[in-house]
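Just so we're clear, the structure is a prediction, and the values are computed from it rather than from any experiment.
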Amino acid sequence: MPKLEGSVENIVFRNEDNQYTVARFRLNDRGRLFRDDLTTIVGLLPGIHPGELLSVEGEWESDPRYGRQLRVVSFVQRLPASTEGMVRYLSSGLIKGIGPKKAQAIVDHFGEQTLAIIEQQPELLTQVKGISAKDCERIEKAWLEQEDIKELHLFLQSHDVSMNVATRIYKEYGRESIRVVRENPYKLAEEVHGIGFRTADDIAVKLGLPADGIPRLATGLKYVLTQAANDDGHCYLLENDLIQRASQILQVPTETLQAAMEQLRLERDIFVETAPVLATTTTATIEKANNHTVAEEPASYEPASAQAAIAEAQSRIYYGPFWYAENGSTRLLRILRGAPSCLPPTTARQWELVFERLKQQRHMELTEKQREAVQVGYQQKVSILTGGPGTGKSTSLRALLMLLRTRKVDVALAAPTGRAAKRLTEATGVQAKTLHRLLEYAPHDNSYQRNEDNPLPHQFVIVDEFSMVDILLFYHLLKALPRTSHLLLVGDADQLPSVGPGNVLRDLLRSEAIPAVRLTELFRQAQQSKIVVTAHQINSGIVPSPRIEAKSDFFFMREDDPFRAQQLVLDLVQRRLPARYHFNPIADIQVLAPMYKGAVGVKLLNERLQAQLNPNAPAQVEWGDRLLRVGDKVMQIRNNYDKGVFNGDVGFIRRIDRENLLAKVEFAEEAGPLLVEYEFHELDELLLAYAVTVHKSQGSEYPAVVLPLVREHHMLLQRNLLYTAITRAKRFCVIVGQPAALEYAVRNDRVALRNTGLAERLLEKVYADAPPPF
């Protein structure tokens, strides 16, 4: 096996997840400085930096792009010996704030003694012009961290743990990292972002921990429950389903899991329960309720035996947070409904005067349903306003807000995301906040400052886009509400459910425990929009005509071949729509796709759109497997409470600072533009957003939407997804693809069922306390 000695010239490519690296390598026996003297090395090369000396062993192979290259099997790192190597090493991203200029200044001053000075006498660095005391501290801290991280990585290297993950472990545990990993690697899955159960389990197995040990099995069970919540929105799994899934993942017999289940139950990490017993509910009506869609009339519940249905639903296993959220939400809703109102009562005569005044002074003539919505919202402690686009939800909200302001009621408006809060502010003229901001989320301890001990100071709270709210956030909202306040939940129940666990809006409507008004009448102005009319047709199961109409705001453009459909999407975004309708191709047009993969999937579309729309940016950075440029539209893909940005937020890269290894991204928030700083190692939180999935578009509205629809997306082609996508368009929507895919999506009205118990818990309270409902 050939062995080479040399130095790393530059990193061509690095996958930050698995540390697969392509690097250019200068051999020691080559004296010339031409690029032809460089050799390509590839393989898992965690933690290597330009300028470092390496001894590598591997096998020669031929690559069509890079030619002859060495696939590295093993390597040994050494610090650079030449001053040129030291400059490259120090400016490689090793130390935040030290770019090529400062690195060159340090090496010019200390020469070949540079690394010895940094290691042994770092205080001398302040002798270098341009190196501040703060720079000195950063260099010393980073150097010590790198030594510790490399030691940790050597320990983890045999377990295929990347340098990036080793760094995260070190940031969490510091010099205790190796001890923590040795004693209980499963802690990593629960406490370190980026390390899942499978990575922790792999480390544990290689450390020789027993495969049937309680810590492993207990962590595996919790992993299965959280995956079911994250992937499918389930609040619980039936016991047999949980045991089977865990047995398959952990590769252990099912009977070995019972002891771990019992320990988790005793420690209150999981809860085992049967379905709430509804003595007046039949098997048929439970089944009807479980499959009920909001477009239908709510299910009714007749007295009869329900033993068969209850037996089918026995032994539900909840992960602790979801159990507390469902039970707590039921308890707090009951308390809120039963507490007295803080609003002055209104007689029938006063209501007539209110609506007449709105008509005369505000030119707002409400329909009977809209009047009902205003009255129910004002009179009921908790209520729901639902309906599709163009049915007058915003007008009803404005009318209610005018009444509340007239009576000097303290009201707060909120929405799940910054984009949705901004839209709510524009629709009502009243400043809205995100729910996290309203509840005063504190990232340092992952808690909400507003809670039962420190409630909100408002008499009335209105939450828009409520279909996006999951059971955990709903529980925190209820905990923060004063008992005398009112709560109005506004949303379109026919859209996709929340990304997080639960199906709160549908469960509340299905239970009939909360007074609800559904607006269905399309207003004349809305009827003039083909987007709105088409959305309602789709929601009713009517396949829209693919015929193109002149002067329409909705088009279907047929293209049966997915690759030609891709080219048509690119042409629409870059050339046709900007030329015809004067849309900005980056700021105004949003491509939505059902899936990530495929010719018209999010991943390929983003690469092509970036190349066409932003090819000549003033600065760019390659990080892992992605290329980001100044001017790119990007999306935050996980909640980062420290930065105040959340999963699904879209912004624009405004600056890339290679000297200080920083990028700055501007997000549109309800209070105005928010400029967020990312260190380069945090860029894995961002993805290109020229194209995004329909799920990620919830709560947003775009001037123009382009939606590719092909049969290869059939796994996700369903009515509520298509309905959600079309209703994101404000002024223009075009579907590109196959008529058969469009028809399939409209016909497929099967909503993926989620395991939730909120509706049944609310029904249990209804029958326990009726009348009234709570």
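With respect to Glu440 and Arg450, a salt bridge is recorded, a charged nitrogen being found less than 4.0 Å from a carboxylate O. The pair Arg245-Glu239 fails the salt-bridge criterion, with no side-chain N (NZ, NE, NH1 or NH2) lying under 4.0 Å from an Asp/Glu carboxylate O. Under a 4.0 Å N-O distance rule, the pair Glu682/Lys643 qualifies as a salt bridge. With respect to the salt-bridge test (charged N to carboxylate O, under 4.0 angstrom), the residues Arg216 and Asp201 qualify. Looking at Lys422 and Glu701, no side-chain N of the basic residue comes within less than 4.0 Å of a carboxylate O on the acidic one, giving no salt bridge.
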*Given ring pair (Phe, Tyr, Trp, His ring centres under 6.0 Å), test Phe466 with Phe474 step by step and report yes or no.*
CA-CA 9 Å; Phe466 188 70; Phe474 184 51; 5.4 Å; yes

*Evaluate side-chain hydrogen bond (donor to acceptor under 3.5 Å, both in side chains) for Gln449 paired with Tyr441, printing each intermediate quantity in order.*
CA-CA 6 Å; Gln449 300 305 296; Tyr441 182 82; over 6 Å; no

*Tell me, with the steps shown, if Tyr318 and Tyr236 meet ring pair (Phe, Tyr, Trp, His ring centres under 6.0 Å).*
CA-CA 4 Å; Tyr318 279 84; Tyr236 67 83; 5.2 Å; yes

*Is there a salt bridge (charged side-chain N to carboxylate O under 4.0 Å, His left out) between Arg419 and Glu465 once you walk through the steps?*
CA-CA 11 Å; Arg419 295 163 295 162; Glu465 293 288 357; over 6 Å; no

*Quick one: do Asp212 and Thr256 satisfy side-chain hydrogen bond (donor to acceptor under 3.5 Å, both in side chains)? Show the steps, please.*
CA-CA 7 Å; Asp212 58 355; Thr256 63; over 6 Å; no

*Begin from the C-alpha positions of Glu191 and Tyr173 and carry the test side-chain hydrogen bond (donor to acceptor under 3.5 Å, both in side chains) through to its verdict.*
CA-CA 10 Å; Glu191 299 176 354; Tyr173 304 115; 2.6 Å; yes

*Glu607 and Tyr690: side-chain hydrogen bond (donor to acceptor under 3.5 Å, both in side chains), yes or no, with the steps?*
CA-CA 9 Å; Glu607 292 175 4; Tyr690 298 100; over 6 Å; no

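Counting only distance, with no hydrogens or angles, the side chain of Thr386 and the backbone of Gly491 share a donor-acceptor pair below 3.5 Å. Not a single donor-acceptor pair under 3.5 Å links the side chain of His234 to the backbone N or O of Arg754. Panel note: side chain Gln590, backbone Ala689; a donor-acceptor pair is recorded below 3.5 Å. A donor-acceptor distance shorter than 3.5 angstrom exists from the side chain of Arg506 to the backbone of Ala493, with no hydrogens or angles considered. The backbone N or O of Asn720 lies less than 3.5 Å from a partner atom in the side chain of Thr724, making a donor-acceptor pair. Listed for the Asn606 side chain is a donor-acceptor partner under 3.5 Å among the backbone atoms of Val602. A donor-acceptor contact shorter than 3.5 Å links the side chain of Asn327 to the backbone of Trp323. In terms of modelled atom types and a separation under 3.5 Å, the side chain of Gln698 and the main chain of Pro497 share a donor-acceptor contact. Glu326 contributes a side-chain N or O that, together with a main-chain N or O of Gly757, makes up a donor-acceptor pair within less than 3.5 Å. Listed for the Asp632 side chain is no donor-acceptor partner under 3.5 Å among the backbone atoms of Val634.
By the 6.0 Å contact criterion, CZ on Arg179 is enclosed, its count of non-hydrogen atoms from other residues, nucleotides or ligands being greater than 12. No more than 12 heavy atoms of other residues, nucleotides or ligands lie within 6.0 Å of NZ in Lys603, so this atom counts as exposed by the packing criterion. Within a 6.0 Å sphere centred on CG of Asn230, other residues, nucleotides and ligands contribute more than 12 heavy atoms. The environment of Gln248 atom CD is sparse: at most 12 non-hydrogen atoms of other residues, nucleotides or ligands sit within 6.0 angstrom.
Taken from CG in Leu238 to CZ in Arg316, the straight-line distance is 7.0 Å, to the nearest 0.5 Å. The distance from atom OG1 of Thr756 to atom CG of Asp507, rounded to the nearest 0.5 Å, is 3.5 Å. One distance of note links CZ of Arg728 with OG of Ser697; it measures 6.0 Å at 0.5 Å rounding. In this structure, CD1 on Ile384 lies 11.0 Å from CD on Glu512, to the nearest 0.5 angstrom. Here the straight-line distance linking atom NZ of Lys479 with atom OG of Ser329 works out to 9.5 Å at 0.5 Å rounding. Note that the CG atom of Asn184 and the CD1 atom of Ile203 stand 11.0 Å from one another [nearest 0.5 Å].
Here the shortest heavy-atom pairing between Asn451 and Asp453 reads OD1-N, 2.9 Å.
Between Val600 and Met595 there is no side-chain heavy-atom pair separated by less than 4.5 Å. Side-chain contact between Leu472 and Pro321 is present, with at least one heavy-atom pair separated by less than 4.5 Å.
Annotation: cation-pi pair Lys222/Tyr319 absent, no NZ/CZ under 6.0 Å from the ring centroid and within 45° of its normal.
Inspection of the Tyr723 and Gln718 side chains reveals no N or O donor paired with an N or O acceptor under 3.5 Å.
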